[in-house]
Amino acid sequence: MPSVVWFDGFDHYASAGITTKWNMLWQQSIAPIISLTAGRKNYGLLLEWGANVHKSIPDTGTVTSGFAFRFTELQNKRIVAFRDEGVVQVYLALLDSGRLAIVRGDGTILGLSSTVLTALKFYYIEFNATISNSTGVIQLRIGGASELNLTLQDTQMSSNARVNMVSFGEMTINTSGAMHIDDVVITNGALLGPQKIDVIRPNGGVPGYMQMEVVGGAGSHYQAINEITPDSDTSHLYSQSAWRGSVVFSEYENIAEATGGAIPAIAVHTFTRKEYGNTRGFSNALFPGTVDGASGSLQYYNDPLYIETDYAYHSDIYETNPGTGGTWSVGSINALKAGFKRYL
């Protein structure tokens with residue numbers, strides 16, 4: 001299982017697209033919103049107290065959720081929960097004192113932070129849990145500094161020592177105030193330190209690899225697919241029925257800001273659908289440049305994914321550069337070309 005399971009900076013889709021990236025959302029009165037007011041740099045997720053989003057992940061006995069967190073008013077409210085399906089194993093809560101609490105699913109407080117949080121300020125929080133009836137482990141970090149490191153804990157509420165869903169927000173009657181979430185990174189245990197997620201868009205085509213039809217008035221292949229909020233069929237690339245094996249690669253923007261420390265992973269997101277009932281499949285693909293020892297001549301295709309008639313995101317996470325087998329650098333990301341291939 002890869003270390004990085006999922007990440008989201010909320011900068012490349014609008015509120016209507018939340019259910020294309022997250023598995024579920026719930027609201028008492030006000031739905032989750034993608035908003036500039038909720039982001040550290042650009043957009044973030046705004047959750048009124050009473051709104052909730054869920055992300056399904058592969059079964060894991062140990063899980064970490066790192067995220068930027070800000071709140072508008074002090075409330076006794078749940079921030080993030082680790083679940084086995086519908087059963088909350090353990091969760092992180094904000095108390096009206098400003099401290100964070102680690103709470104078992106039955107309401108038992110397992111530990112409290114020493115740091116007192118204040119409203120309208122972002123904190124990067126990492127919440128880690130190993131699920132067990134007797135040997136559970138809890139770690140809590142704020143801004144990369146350790147707050148709690150608990151061992152021999154009962155962190156299990158279901159019959160399974162696992163987590164397969166991470167949820168943000170509070171599923172209770174809405175009250176005043178809200179929380180802002182940004183730069184979410186979910187791993188199968190690794191604590192990566194504070195993270196910032198950047199979105200880079202296509203900004204040029206790759207000659208010889210523009211093998212689909214431009215539809216909707218876009219001037220070029222990359223302009224049909226580079227909008228931050230997908231416009232679905234307004235402008236898009238189209239592969240006709242007989243065009244099996246067609247490939248598109250694009251140049252991408254450079255990373256907009258200096259990156260300090262390691263780059264744990266990158267992700268390629270493709271928003272796609274099929275036109276009618278026949279089976280259609282495609283894969284995301286990478287074309288590394290000649291940086292960090294990569295040859296610059298090899299393309300790397302993932303296993304084919306089968307698509308439906310409704311638009312959906314299909315995402316692949318790459319923790320290492322397939323062209324080198326090593327970690328990503330700023331130079332290798334800036335030299336990277338990415339795209340997709342139609343198989344069926």
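- Between His314 and Phe340, the ring centre distance reaches or exceeds 6.0 Å.
- Gln153 CD to Thr130 OG1: the interatomic distance, rounded to the nearest 0.5 Å, is 11.0 Å.
- A donor-acceptor pair shorter than 3.5 Å can be found between the side chains of Gln89 and Ser158.
- A heavy-atom distance below 4.5 Å is found between the side chains of Ser114 and Glu147.
- The shortest side-chain heavy-atom distance between Ile317 and Ile266 does not fall under the 4.5 Å cut-off.
- Atoms CD1 and CG, on Ile200 and Leu336 in that order, are 7.0 Å from each other to the nearest 0.5 Å.
- The 12-atom threshold is exceeded at OH of Tyr238, counting heavy atoms of other residues, nucleotides or ligands nearer than 6.0 Å.
- Looking only at atom types and distance, the side chain of Thr115 has no donor-acceptor partner in the side chain of Ser113 under 3.5 Å away.
- Taking the ring centroids of Tyr313 and His12, they lie under the 6.0 Å cut-off.
- Side-chain atoms of Thr320 do not come within 3.5 Å of backbone N or O of Pro322 as any donor-acceptor pair.
- The closest donor-acceptor contact from the side chain of Gln299 to the backbone of Ala285 lies at 3.5 Å or more, if one exists at all.
- The distance from the CD1 atom of Ile142 to the CZ atom of Phe69 is 10.0 Å, given to the nearest 0.5 Å.
- Linking ILVMFWY side-chain heavy atoms closer than 4.5 Å, directly or via other members, places Leu110 and Val88 in two distinct hydrophobic clusters.
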(request) Any chance you could lay out the side-chain contact (heavy atoms from CB on, under 4.5 Å) test for Lys77 and Phe71, step after step, and finish with the verdict? (result) CA-CA 10 Å; Lys77 293 295 180 182; Phe71 59 93; over 6 Å; no
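- Hydrophobic clustering, with ILVMFWY side chains joined whenever heavy atoms are under 4.5 angstrom apart, keeps Val247 apart from Phe271.
- Taking CG of Leu140 as the reference point, atom CG of Leu150 lies at 9.0 Å (rounded to 0.5 Å).
- Minimum heavy-atom separation, Ala129 to Val90: CB-CG1, 3.9 Å.
- The only option from Ile79, Val63, Ile138, Leu100 that meets the side chain to side chain contact (heavy atoms under 4.5 Å, CB included) definition with Phe127 turns out to be Ile138.
- When all heavy atoms are compared, the tightest approach of Leu74 to Leu95 is CD2-O, 3.8 Å.
- For the side chain to side chain contact (heavy atoms under 4.5 Å, CB included) with Ile125, the qualifying choice from Leu92, Ile181, Val80 is Leu92, the only one to do so.
- Cluster annotation: Leu191 is not connected to Phe82 through the hydrophobic network of ILVMFWY side chains, with a link wherever side-chain heavy atoms come within less than 4.5 Å.
- In this structure, Lys341 satisfies the cation-pi test against Tyr301, with its NZ or CZ atom closer than 6.0 Å to the six-membered ring centre and inside 45 degrees of the ring normal.
- A distance below 6.0 Å separates the ring centres of Phe67 and Phe168.
- Contact of the Lys21 side chain with the Trp6 side chain is registered, since non-hydrogen atoms from C-beta on lie closer than 4.5 Å.
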(message) Go through it in stages, so that I can follow the logic: the residues are Ser3 and Asn188, the test is side-chain contact (heavy atoms from CB on, under 4.5 Å), and I'd like the CA-CA distance, side-chain angles, deciding distance and then a yes or no.
(response) CA-CA 5 Å; Ser3 176; Asn188 62 358; 4.0 Å; yes
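- Of all the heavy atoms in Ser315 and His269, the pair that sits closest is OG-ND1, 2.6 Å.
- Connection of Ile57 to Trp22 is established within a shared hydrophobic cluster, with ILVMFWY side chains joined at heavy-atom distances below 4.5 Å, either directly or through further cluster members.
- Between the side chain of Glu126 and the backbone N or O of Gly193, at least one donor-acceptor pair lies under 3.5 Å.
- Classified by interplanar angle (parallel below 30°, tilted 30° to 60°, perpendicular above 60°), the ring pair Phe287/Tyr209 is perpendicular.
- Here the CE-CG distance, from Met179 to Leu46, works out to 9.5 Å after rounding to the nearest 0.5 Å.
- A salt bridge does not link Asp183 with Lys41: none of the charged nitrogens is closer than 4.0 Å to a carboxylate oxygen.
- Panel note: side chain Glu85, backbone Asn164; no donor-acceptor pair is recorded below 3.5 Å.
- Relative orientation of the Tyr13 and Phe10 rings is tilted, given thresholds of 30° and 60° on the angle between their planes.
- With hydrogens and angles ignored, the 3.5 Å screen pairs a side-chain donor or acceptor of Asp154 with a backbone N or O of Gln156.
- A continuous path of Ile, Leu, Val, Met, Phe, Trp and Tyr side chains, each step under 4.5 Å between heavy atoms, connects Trp328 with Ile255, placing both in one hydrophobic cluster.
- Of all heavy-atom pairs spanning Tyr222 and Gly205, the tightest one is CD2-N, 3.9 Å.
- Panel note: side chain Glu253, backbone Arg201; a donor-acceptor pair is recorded below 3.5 Å.
- Between the side chain of Asn23 and the backbone N or O of Ser56, at least one donor-acceptor pair lies under 3.5 Å.
- Here Asp310 contributes atom CG and Arg273 contributes atom CZ; the two are 8.0 Å apart, rounded to the nearest 0.5 Å.
- With no hydrogens or angles considered, a side-chain donor-acceptor pair links Asn128 and Thr64 at under 3.5 Å.
- Listed here is the closest heavy atom pair of Thr324 and Gly293: CG2-C, 4.3 Å.
- Of the possible donor and acceptor atoms, none in the side chain of His221 sits under 3.5 Å from a partner among the backbone N and O of Leu237.
- Relative ring orientation between Phe122 and His180 is described as tilted, the plane-to-plane angle lying within the 30° to 60° band.
- The backbone N or O of Asn203 lies less than 3.5 Å from no partner atom in the side chain of Glu251, so there is not a single donor-acceptor pair.
- More than 12 non-hydrogen atoms from other residues, nucleotides or ligands lie less than 6.0 angstrom from CG of Asp96.
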(request) Begin from the C-alpha positions of Trp243 and Arg342 and carry the test side-chain contact (heavy atoms from CB on, under 4.5 Å) through to its verdict. (result) CA-CA 8 Å; Trp243 292 5; Arg342 177 185 161 189; 4.1 Å; yes
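- Within 6.0 Å of atom OH in Tyr43, 12 or fewer heavy atoms from other residues, nucleotides or ligands are found, so the atom counts as exposed in its surroundings.
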(request) Kindly indicate, with the supporting measurements, whether the criterion side-chain contact (heavy atoms from CB on, under 4.5 Å) is fulfilled by Asn302 and Tyr318. (result) CA-CA 10 Å; Asn302 278 24; Tyr318 303 83; 3.2 Å; yes
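- Annotation: side chain of Asn334 is not in contact with side chain of Val291 (no heavy-atom distance under 4.5 Å).
- Judged purely by atom type and a 3.5 angstrom limit, Gln75 has no side-chain atom pairing as donor or acceptor with the backbone of Leu94.
- Between the side chains of Tyr123 and Thr118, at least one donor N or O sits under 3.5 Å from an acceptor N or O.
- Nearest approach of Ser329 to Asp292, heavy atoms of both residues: OG-OD2, 2.6 Å.
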